[in-house]
Amino acid sequence: MKLYVDGFHFTLTHGNQAVFTCAADQPLLFVGYGEENVLMYRGNYRIEDYVIERKALKVTALQETENGIVADFEGELKMSLTVNGDLAEIQFSEVNPKINRFWIRTVSEKNEHIYGCGEQMSYFDLKGRHFPLWTSEPGVGRDKTTYITWKGDVDGMSGGDYYNTNFPQPTYVSSNHFYVHVQTTAYADFDFRNEKFNELQVWEVPAWIRIEAADTFTELLTKETAFFGRQPELPEWVYNGLIIGAQGGNERSFGILDKSIEKGIKVSGLWCQDWCGKRVTSFGKRLQWDWHFHEEMYPDLPEKIAEIHEKGIRFLGYVNPYLVADGKLFEEGKKKDVFAKKSDGSIYLVDFGEFDCGVIDLTKPEAYQWFKNEVIKKYSINIGIDGWMADFGEYLPTDDIVLHSGKPAMMEHNHWPALWAKCNYDAVSESGKLGEVVYFMRAGGIGSQKYCTLLWAGDQSVDFTRHDGLCTVICAALSSGMIGCGLNHSDIGGYTSLYDNCRTKEVFLRWAEMAAFTPVMRTHEGNRPDTNFQFYDDEDCMEQLARLTDIYTMISPLMKRLVKENAETGIPVQRPLFLHNEEDERSYTEQFEYLLGPDVLVAPVYTEGAEDREVYLPSDGWIHLWTGNEYGKGIHTVEAKIGDTPVFYKKDSADAELFKAVYEKHALNR
């Protein structure tokens, strides 16, 4: 990177591309103040802003330093910019305390592509849209033109939109080989709609801004993840097959496990989210948020876990950082004074949908230690549980809540998922179980990367819809991989079933055939298991699932290598096409295909009733897994019956023999 200074004007460049510029006719910074109105209902937020004043700042004094500049912007703030090789860092000082709105512009052009901003579900290339960055429920339907989204909005603000996400992060990656990270936990809105500039809005003057560049995307991601931290490798047992999501108690859950094994389904784990008990609400079957095993539903659970361990199968549970007000642990936490408070000193209770819970104040060291040691370690790890869903990091309220840190909840809200991730990580690491236990999270923020053993894409609708169905988990994996979370997976078949929207066998199988080519295969019965399709109720589906889990285990050598590479270099497992095809223009806008390494391409079928799939191949020499036919660069329509999601490998791939074995076993003999 290079910095050019001319009087009070300056420009930062990477190669031939300007990153940002500050001139009389091109303001770099804008500041002002505003008043927000924030309404939360069960994890869904309606945020409105009234900007009282906004003004462009001019440089009124500038001093060149050994490796940068210090600029005074009209006495409102000072900006220090340092450049060291491919790294530029901006810091702010002497800020007018009245400022609570801040905007900075980076240079853009029409053909720039933008990625990142956390885990995005609807659009991989962010150019042309703006993205509010606030962790929340992702929404139901997420498409304002649909009945489901409209109904969700009417019933509880839950419809969502294309930008709603559990995992926002104020970081974007440019197709011009640099990333921009804004260090803030405040509400932000990154706007990429203008052809000439990108405007990044933050509801505070950020602590600092980091811009780092590289010659290639793989090098860039390696640098970026060295800064944020990298996910550890997955436990070896994960690759043994399917993690079965079942619930209902010992007899039903372990019965489904036994039935699946009898049908030839390879199983790595049994996940019982209701190990702690259940609640039934208008939304569907929920859990008793009291994080110890339920002695009536799961009697002698530690002994049952030991039994399946003898068979090489692991057991997974569920936990989140809230405790239901009618539970045993709530009473214990109340005595230990671990809950966040209201301004009147009473415990702050959050409505989670017909039951109220206390918020563990993760900013309070004593509360953090208590939950880590006396809840996660004592009741999960110490009874032999091998993993869990670490849910609900995005629900921190913002109205009338007092935290031990003293920081406003508006500033802690986006930080909460990272605190929650670290709490889980510390519990596992201190127990000596890192690399053996896996917990999966949907919420995230700055710093989550190194503390999140596995990301999961959240609560998709049980369908093929464009903004909330199967295709969104492809986009989720690609976008999260661009900001350092390269291990992602999803609920096979989706989760959310509302307003007569029910999972079908087709949805389940299309999802499962895609999941066989992701780091982890895991099922979920969904929020309404009794009315949705379940694989264990259908003989044909169990046979097809047995085939898919066998394929997953057969390609495990490839998957293990990619997971290891993610841990060592930050290169994600599921990769956008352009990562290894930088000269191919089409690769920059493809969001429904992904690479596994440089020479395996997966193009999941994500539309209902399809029997073929249009696939784009970015280069020559690809072998279609299910026919053995060779294809060259370009767009091809290939047959894609259920079970045969389009997969291609390079004919000179180091994994060619691996895929030939899959072909011989699962294509010729079908």
Side-chain angles (χ1 to χ4, degrees), residues 36-50 119-123 129-168 187 189 279-287 289 320 322 349-357 391-400 410 413 442-443 457-473 475-476 491 493-504 507 524-532 608:
E36 70 270 11
N37 182 28
V38 181
L39 177 64
M40 178 188 114
Y41 184 69
R42 297 178 181 174
N44 301 287
Y45 291 81
R46 183 173 296 154
I47 301 177
E48 297 176 349
D49 189 27
Y50 183 79
E119 182 187 51
Q120 295 295 330
M121 306 291 179
S122 289
Y123 300 104
R129 296 177 177 84
H130 78 109
F131 292 82
L133 301 176
W134 184 256
T135 181
S136 70
E137 285 279 5
V140 179
R142 306 177 72 253
D143 181 350
K144 298 302 186 187
T145 67
T146 64
Y147 169 76
I148 285 180
T149 303
W150 172 80
K151 186 66 173 170
D153 283 337
V154 169
D155 286 351
M157 298 176 11
S158 63
D161 212 329
Y162 71 87
Y163 53 79
N164 289 110
T165 176
N166 306 111
F167 189 162
Y187 178 91
D189 190 333
R279 283 178 177 265
V280 178
T281 71
S282 62
F283 181 75
K285 289 188 177 180
R286 303 288 300 276
L287 309 179
W289 290 21
N320 70 47
Y322 305 89
L349 295 177
V350 181
D351 175 10
F352 278 90
E354 300 164 35
F355 59 96
D356 294 332
C357 297
D391 205 0
F392 284 106
E394 57 280 283
Y395 266 64
L396 182 69
T398 59
D399 62 315
D400 193 32
M410 284 295 294
H413 179 82
R442 66 176 189 173
D459 298 344
Q460 282 72 39
S461 290
V462 291
D463 56 30
F464 293 105
T465 52
R466 169 64 183 83
H467 292 280
D468 201 24
L470 187 157
C471 69
T472 61
V473 304
C475 184
D491 300 330
Y495 169 78
T496 304
S497 175
L498 290 173
Y499 315 122
D500 299 320
N501 180 31
C502 292
R503 178 196 293 160
T504 64
V507 168
H524 197 315
E525 292 183 326
N527 66 309
R528 298 192 174 183
D530 297 336
T531 57
N532 279 271
E608 186 175 10

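- Contact check for Phe352 versus Arg279: no side-chain heavy atoms found under the 4.5 Å cut-off.
- Counting heavy atoms from C-beta outward, Arg442 and Glu119 have side chains that stay 4.5 Å or more apart.
- Ring orientation note: the planes of Trp134 and Tyr187 are tilted relative to one another, at an angle of 30° to 60°.
- The shortest heavy-atom contact between Gly493 and Arg503 is O-NE, 3.2 Å.
- We find the OG1-CG distance between Thr149 and Asp468 to be 7.0 Å, quoted to the nearest 0.5 Å.
- Of all heavy-atom pairs between Glu394 and Ala443, the closest is OE1-CB, 3.4 Å.
- Residues passing the salt bridge (Lys or Arg N to Asp or Glu O under 4.0 Å) test with Asp49, sequence neighbours excluded: Arg101.
- In this structure, Met410 and Val38 have side chains that are in contact, with non-hydrogen atoms separated by less than 4.5 Å.
- Test Thr496, Thr165, Asn166 against Pro138 for side chain to side chain contact (heavy atoms under 4.5 Å, CB included) and you get one pass: Asn166.
- Considering only heavy atoms from C-beta on, Asp153 comes within 4.5 Å of Lys144 through its side chain.
- Looking at His413, its side chain does come within 3.5 Å of a backbone N or O of Leu396 through a donor-acceptor pair.
- Figure legend: Arg42 and Phe355 shown without cation-pi pairing, the cationic atom not lying both under 6.0 angstrom from the six-membered ring centre and within 45 degrees of its axis.
- Atom CG of Asp143 and atom CZ of Arg466 lie 9.0 Å apart (nearest 0.5 Å).
- In the model, Glu137 has a side-chain atom that pairs as donor or acceptor with a side-chain atom of Tyr395 under 3.5 Å.
- With sequence neighbours excluded, the residues that form a side-chain hydrogen bond (donor to acceptor under 3.5 Å, both in side chains) with Asp463 are Thr465, Asn501.
- Note on ring orientation: taking the six-membered ring where Trp is involved, the planes of Tyr322 and Phe392 are perpendicular (angle over 60°, cut-offs 30° and 60°).
- Geometric assessment of Arg142 against the ring of Tyr163 yields a negative cation-pi assignment under the 6.0 Å and 45° thresholds.
- Distance CD/Glu36 to CD1/Ile47: 8.5 Å, rounded to 0.5 Å.
- The distance from atom CD of Glu608 to atom OG1 of Thr504, rounded to the nearest 0.5 Å, is 6.5 Å.
- Of all heavy-atom pairs between Ser497 and Cys502, the closest is OG-CA, 3.9 Å.
- Under 3.5 Å, the side chains of Glu354 and Ser282 contain a donor-acceptor pair of N or O atoms.
- By the 4.5 Å heavy-atom criterion applied to side chains, Glu525 and Asn532 are not counted as neighbours.
- Of the inter-residue distances, the one linking Asp391 atom CG with Asp459 atom CG reads 7.0 Å to the nearest 0.5 angstrom.
- The two residues Val473 and Ala457 make their nearest non-hydrogen contact at CG1-CB, 3.9 Å.
- Contact record, Asp155 with Tyr41: O-CE2, 4.4 Å, taken as the closest heavy-atom pair.
- Taken from OH in Tyr123 to OG1 in Thr472, the straight-line distance is 12.5 Å, to the nearest 0.5 Å.
- Shown here for Ser461 and Gly141, the closest heavy-atom pair between the two residues is OG-N, 4.0 Å.
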